[in-house]
J.: 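One structure follows; several queries about it will come next.
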Amino acid sequence: MERNWLSLNQAAQAIGMTRRMIAYYKSGARPIPKTVWLACIGYESLQHEAA
């Protein structure tokens with residue numbers, strides 16, 4: 001989120017999740033599933049490709 005200047009809402013929308021789940025992952029309350037981690041990598045890849 002920080003590297004891409006995303007808020008919780010923007011991050012949730014970018015990978016199709018709820019704001020609440022992103023907040024859980026960010027705080028460490030829940031582990032980040034591999035599928036979510038891969039979605040984040042894909043998002044970053046597409047953003048860098050578009051720039």
Side-chain angles (χ1 to χ4, degrees):
M1 288 175 47
E2 287 82 18
R3 277 197 308 247
N4 293 290
W5 300 88
L6 296 175
S7 67
L8 284 173
N9 289 331
Q10 291 169 323
Q13 186 177 15
I15 61 171
M17 300 196 75
T18 63
R19 182 188 186 281
R20 181 178 297 202
M21 289 307 297
I22 300 299
Y24 286 144
Y25 301 147
K26 185 174 181 179
S27 70
R30 297 203 179 166
I32 301 171
K34 192 174 200 174
T35 54
V36 173
W37 179 67
L38 291 171
C40 293
I41 291 171
Y43 173 84
E44 281 193 334
S45 175
L46 290 174
Q47 294 305 306
H48 292 293
E49 195 174 276

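Here the structure is a predicted model, which is why all the values come from computation and not from measurement.
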J.: Is the shortest heavy-atom distance from the side chain of Met21 to the side chain of Val36 under 4.5 Å?
T.: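 Counting from C-beta outward, Met21 and Val36 never come under 4.5 Å.
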J.: Can you name the closest pair of heavy atoms from Ile15 and Cys40 and give their distance?
T.: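 Residues Ile15 and Cys40, closest heavy atoms: CD1-SG, 4.2 Å.
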J.: Taking only residues two or more places apart in sequence, or in another chain, which ones meet Thr18 in a side-chain hydrogen bond (donor to acceptor under 3.5 Å, both in side chains)?
T.: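 Here no residue qualifies.
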J.: Within the distance-only criterion (no hydrogens, no angle test), does the side chain of Ser45 pair as donor or acceptor with the backbone N or O of Ile41 below 3.5 angstrom?
T.: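 Checked: no pair found.
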J.: State which residues pass side chain to side chain contact (heavy atoms under 4.5 Å, CB included) with Gln10; sequence neighbours excluded, sorted by chain then number.
T.: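 In terms of side chain to side chain contact (heavy atoms under 4.5 Å, CB included), with neighbours along the sequence ignored, Gln10 is linked to Leu6, Ser7.
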J.: Could you walk me through whether Leu8 and Met1 pass the side chain to side chain contact (heavy atoms under 4.5 Å, CB included) test, one step at a time?
T.: CA-CA 8 Å; Leu8 284 173; Met1 288 175 47; 3.7 Å; yes
J.: Among residues two or more places apart or on two chains, list those pairs meeting salt bridge (charged side-chain N to carboxylate O under 4.0 Å, His left out) that have a residue in residues 9-19.
T.: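 Listed once each, the pairs would be none.
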J.: Mind checking what makes side-chain hydrogen bond (donor to acceptor under 3.5 Å, both in side chains) contact with Arg3, not counting sequence neighbours?
T.: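 If we apply the side-chain hydrogen bond (donor to acceptor under 3.5 Å, both in side chains) test to Arg3, skipping adjacent residues, the hits are Glu44.
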J.: So, using side chain to side chain contact (heavy atoms under 4.5 Å, CB included) as the criterion, who are the partners of Ala14 when residues are at least two apart?
T.: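 Counting only residues at least two positions away or on another chain, Ala14 forms a side chain to side chain contact (heavy atoms under 4.5 Å, CB included) with Tyr43.
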J.: Considering residues at least two apart in sequence or located in another chain, which fulfil the side-chain hydrogen bond (donor to acceptor under 3.5 Å, both in side chains) criterion with Arg30?
T.: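 With sequence neighbours excluded, Arg30 shows a side-chain hydrogen bond (donor to acceptor under 3.5 Å, both in side chains) to no residue whatsoever.
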J.: Could you see if Leu38 belongs to whatever hydrophobic cluster contains Ile22? Use Ile, Leu, Val, Met, Phe, Trp, Tyr and a side-chain cutoff under 4.5 Å.
T.: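 As far as the 4.5 Å side-chain criterion goes, Ile22 and Leu38 are connected within one cluster.
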J.: Any side-chain heavy atom of Tyr25 sitting closer than 4.5 Å to one from Pro31?
T.: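 Tyr25 does not reach Pro31 side chain to side chain.
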